Protein chains: 2
Amino acid sequence: MQEAGRERTRREEYTETTRQALLAAGREIFASEGYQAAGIEAISRAARVTRGAFYHHFEDKKALFDAVVVAVQIEAAAKIEARAKTQRKVWDRLTEGIEAYLDVCLEPAYARIVIQEAPAVLGQTRYREIEEAHPMALLTATLNALKRQGELDFEDIELLSRMVDAMICEVALLLPGAENPKRLRARGQKIIGSLLGAFRTT
Amino acid sequence: MQEAGRERTRREEYTETTRQALLAAGREIFASEGYQAAGIEAISRAARVTRGAFYHHFEDKKALFDAVVVAVQIEAAAKIEARAKTQRKVWDRLTEGIEAYLDVCLEPAYARIVIQEAPAVLGQTRYREIEEAHPMALLTATLNALKRQGELDFEDIELLSRMVDAMICEVALLLPGAENPKRLRARGQKIIGSLLGAFRTT
DNA sequence: ACATATAACATACATACGGTATGTAAAAAA
DNA sequence: TTTTTTACATACCGTATGTATGTTATATGT
């Protein structure tokens, strides 16, 4: 049995390290090969362990994928928040945050793992659960702040957030295949801006 | 060798029938079990043939899924077009079409096969190819008509269509889990309407 | 300090599923 | 009538997931 407030043992450090290795390997291979083509054997080898170790740390393949998505989303939210914080006025934070979100969505790993595959692999409900807890929480919070300040007027901020989120992802998925990405991005931002503008009061 | 303009033989009718049976079975089982869980064996059994027949008609599992998605999308486009045609003014056709599109997205089979799984299974590019050819073509055409009539002003109608499409799908995916679907739907339509309103000139 | 238990893996095995190669019967073509 | 082709069925193979069992090092209790 473990004592309550005990020091962290070396062994625990090791295990945490291998767990992280599995997570990192999964992230890599899921991003490059896709969920289905990513073999547990390959992931384990990349983490320099056997499949036994894998199944010791994760229930199954889906569980690893879930963990990867959560990790990626937490990271994304952090990046976005950092960028947003560079602005003082709330409305500027919003536009900066959207900009940052778009940049994140353009990372190939994020696009493939989170946007393209996660909804299908984890199911809509679980996917939204993760999304709501992390990157979308920022959007919702910012829009709510604007609403409290009387700069924005709409009943259902949660829904408005989702719509903006959907539009950002749509633009992000379109960008890699566009013949003029800069222009497309500008136009996309214009559309998103127009939507928000429609509910802007000041 | 086959003659050029020859009559349709009974045998050809039979083969077409089994192909349709496979397609129908695939549609059923993909909708209820999802792509990954849907076994080719199960699909073949449901179509009352063996796996040999399956592989005679389709290259592989993905090919069947592709065919199913195309069929579903063609059907969807037809439904939407029919509903839109009930209106005379182009702008009313647009809103009626959006309404119809939402209804289609709410069918569980459509939501699962087309919206949730198709992008991941077929890949973004192929998915968009199908989407562009069928249900989105209507949206784009209508918006372009409005633009020509001078009722709508935006440079990139294609992009605007995609945005509206994304918003509709977002609402549709949110609806089944909502505690007040009617209200959510109304609010969603309001947001979409606001976006279009932002580019409306008249 | 020593025995015991448990955590962190490795190994081996069972199973299932996708895909392929081959076989066959009926119908169309020659 | 023979020959070929089509539309399947059967048999088989490889691979990937998941599970059950073994092993070793470390932590714990006496």
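Just so it is clear, the model here is predicted, and its values are computed rather than measured. Below, each value reflects all heavy atoms present in this structure, side chains not excepted, and no hydrogens, waters or symmetry copies.
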OH of A/Tyr35 versus C1' of D/dA16: gap in Å, rounded? 12 Å

Would you please confirm or rule out a distance under 4.0 Å between OP1 or OP2 of C/dC9 and any side-chain N or O of A/Thr18? yes

Enumerate the residues from residues 37-62 of chain B whose closest heavy atom to DNA chain D is under 4.0 Å, giving them by residue number; use none for an empty result. B/Val49, B/Thr50, B/Gly52, B/Ala53, B/His56, B/His57

Would you please name every residue forming a side-chain hydrogen bond (donor to acceptor under 3.5 Å, both in side chains) with A/Gln36, sequence neighbours left out? none

Output yes when A/Glu99 and A/Arg185 qualify as a salt bridge under the 4.0 Å nitrogen-oxygen rule, no when they do not. yes

Is it the case that the side chain of B/Glu170 and the backbone of A/Ala166 share a donor-acceptor pair, with hydrogens and angles ignored and the cut-off at 3.5 Å? no

Would you kindly give the CG-to-C1' distance between A/Leu22 and C/dA10, to the nearest whole Å? 14 Å

Is the closest basic N to carboxylate O distance between A/Asp156 and B/Arg183 below 4.0 Å? no

Could you tell me whether the side chain of B/Gln116 reaches within less than 4.5 Å of the side chain of B/Tyr35, counting heavy atoms only? no

Give the rounded distance in Å between these two atoms: CZ of A/Arg19 and P of C/dC9. 12 Å

Salt-bridge present (B/Arg126, B/Glu129; N to O < 4.0 Å): yes

